[in-house]
Amino acid sequence: MKLTKALPVLAIALCVPGIVLRALHLLNGFDLASGLPTVGDRWVWYCAAFFVLCAVLYAVLAAPLRARSGTLFEGLLGTDAPLFRMLAAAAGLLLIAGGLIYLYLTMTTAEQDAAGWARILEIVYAVATVGAGAALVILAPAQGREMTAASAKLTLAPLLWCCLHLLVTYRMTCIDPKLPSFAFGLVADVVLVMAFYHLARLLYGKPRPAMLGFFGALAVTMSFSDLGGYGLARLMGVHAVSWSAKMVLRGGLSAAACLLLAAELGVLAARRTEQ
């Protein structure tokens, strides 16, 4: 059965219930006055159960890709498809724009009691975001031909950015008493790191396309659900949970990176069903 073909479709389609559940969690799981998590909140468990079920489903759908662990990068992800190039370029341009905006916010606003090293970290993160975006734009046409040593290095820039992204987000939220409002986003960022790690692994280690399919699909669903759920909650008038401008921007950058992962999943699944 060509179950793998459903992987990118479900990764995107399941964002819809994910967004609704995340919005309901933000609506019902926090005190309206203080914004702190309420005792006995059930919606956090509903959200967690949903993402666990998604993980199980994606693991099953990605499992057939293990048979292609010895396939070269070009055989797995080589493509000249216009839609892939469009999504990859869009992801790269969004990262570039987001990185420049983040750099501007970092340079023009000061956090109270923030250490100097933390400001430097955010500046490095913003520059890395721009670099990762440029790498994605260049990587799109490179995937349409045989990968060289130079083009293979393009997969390392988004991997480095993901690690910095997770570090910066964790630093900004780890001591916040409202951590449950950020927790799903933090887990999504961990999954995002693993997805880009396995993308780079296709060129710098033994290819494990099943792991790329699994982590890529889960990252897409979790990242879009987290950001979309927050946006939907705000539209519904939920003001108990309020993210800073940088927090919202980082969520948007995660979603932008997931555009590339969704495009890669589409190519990976299509190549699997051609076998």
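A continuous path of ILVMFWY side-chain contacts below 4.5 Å connects Val168 to Val187, so both sit in one hydrophobic cluster. Hydrophobic clustering (side-chain heavy atoms under 4.5 Å, transitive across Ile, Leu, Val, Met, Phe, Trp, Tyr) keeps Val127 apart from Leu164. Note on Val130 and Tyr102: separate hydrophobic clusters, where clusters join Ile, Leu, Val, Met, Phe, Trp and Tyr whose side-chain heavy atoms are under 4.5 Å apart, directly or indirectly. Cluster annotation: Leu83 and Val137 are assigned to distinct hydrophobic clusters (Ile/Leu/Val/Met/Phe/Trp/Tyr, side-chain heavy-atom contacts under 4.5 Å, transitive). A continuous path of hydrophobic side-chain contacts links Leu212 to Tyr204 [ILVMFWY only; heavy atoms under 4.5 Å].
Between Ser223 and Ser254, the shortest heavy-atom distance links the atoms OG-CB, 4.1 Å. Between Gly18 and Phe50, the shortest heavy-atom contact is CA-CE2, 3.5 Å. Taking all atoms of both residues into account, the shortest heavy-atom contact from Gly75 to Arg68 is O-NH2, 3.0 Å. Annotation for Ala62 and Leu7: closest pair CB-CD2, 4.2 Å, computed over non-hydrogen atoms. Heavy atoms only, all atoms of each residue included: Leu166 and Leu186 are closest at CD1-O, 4.0 Å. What you find for Leu27 and Met236 is that their closest heavy atoms are CD2-CE, 3.7 Å.
Counting heavy atoms from C-beta outward, Arg171 and Glu122 have side chains that approach closer than 4.5 Å. Within the 4.5 Å cutoff, no side-chain heavy atoms of Tyr230 are placed close to those of Met247. Here the side chains of Val193 and Asp189 are not in contact, with every heavy-atom distance at 4.5 Å or above. A 4.5 Å side-chain heavy-atom check between Leu77 and Leu199 finds at least one atom pair inside the cut-off. Taking the side chain as every heavy atom from C-beta outward, Leu136 and Pro158 approach each other to under 4.5 Å. Within the 4.5 Å cutoff, the side chain of Ser225 has heavy atoms near those of the Phe51 side chain. Inter-residue side-chain proximity for His165 and Thr169 is flagged as met; some heavy-atom pair is nearer than 4.5 Å.
From Leu10, atom CG reaches atom SG of Cys15 across 10.5 Å, with rounding to the nearest 0.5 Å. Here CG of Leu160 is found 9.5 Å from OG1 of Thr129. Values are rounded to the nearest 0.5 Å. Atom CG of Leu268 and atom CG of Leu261 lie 11.0 Å apart (nearest 0.5 Å). Residue Leu218 holds its CG atom at 10.5 Å from CG of Leu192, rounded to the nearest 0.5 Å. The CD1 atom of Ile101 sits 7.5 Å away from atom CG of Leu105, with the distance rounded to the nearest 0.5 Å. Here the straight-line distance linking atom CZ of Arg234 with atom CH2 of Trp243 works out to 10.5 Å at 0.5 Å rounding.
The salt bridge (Lys or Arg N to Asp or Glu O under 4.0 Å) analysis of residues 212-230, with sequence neighbours excluded, yields the pairs Arg22-Asp226. Sorted by first then second residue, the salt bridge (Lys or Arg N to Asp or Glu O under 4.0 Å) pairs that include residues 250-264, not counting sequence neighbours, number zero. For residues 124-141, no residue pair satisfies the salt bridge (Lys or Arg N to Asp or Glu O under 4.0 Å) rule, not counting sequence neighbours.
Thr106 and Tyr125 are not linked by any side-chain donor-acceptor pair at a separation below 3.5 angstrom, with hydrogens and angles left out of the test.
By the salt bridge (charged side-chain N to carboxylate O under 4.0 Å, His left out) test, Arg208 pairs with no residue at all, sequence neighbours left out. Taking the ring pair (Phe, Tyr, Trp, His ring centres under 6.0 Å) definition, one finds that Phe196 meets it with nothing, sequence neighbours left out. Residues passing the side-chain hydrogen bond (donor to acceptor under 3.5 Å, both in side chains) test with Arg201 are Tyr197, sequence neighbours excluded. Under the ring pair (Phe, Tyr, Trp, His ring centres under 6.0 Å) criterion, Phe215 pairs with His198, sequence neighbours left out. When the side-chain hydrogen bond (donor to acceptor under 3.5 Å, both in side chains) test is applied to Thr155, no partner is found at least two apart in sequence or on another chain. Here Phe224 pairs with nothing under the ring pair (Phe, Tyr, Trp, His ring centres under 6.0 Å) rule; sequence neighbours left out. With sequence neighbours left out, the ring pair (Phe, Tyr, Trp, His ring centres under 6.0 Å) criterion links Tyr46 to Trp43. A search for side-chain contact (heavy atoms from CB on, under 4.5 Å) contacts involving Ala157 returns Ala135, not counting sequence neighbours.
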Test log, rule side chain to side chain contact (heavy atoms under 4.5 Å, CB included), inputs Leu265 and Ile12: CA-CA 11 Å; Leu265 284 175; Ile12 296 172; over 6 Å; no
Worked verdict on Leu21 versus Phe184 for side chain to side chain contact (heavy atoms under 4.5 Å, CB included): CA-CA 12 Å; Leu21 282 172; Phe184 289 110; over 6 Å; no
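Side-chain N or O atoms of Arg119 include one that pairs as donor or acceptor with a backbone N or O of Met107 at under 3.5 Å.
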Pair up each side-chain donor or acceptor in residues 85-100 with any protein partner under 3.5 Å, not counting sequence neighbours, and list the distances.
| unit_1 | atom_1 | unit_2 | atom_2 | d |
| --- | --- | --- | --- | --- |
| Arg85 | NH2 | Asp80 | OD1 | 2.9 |

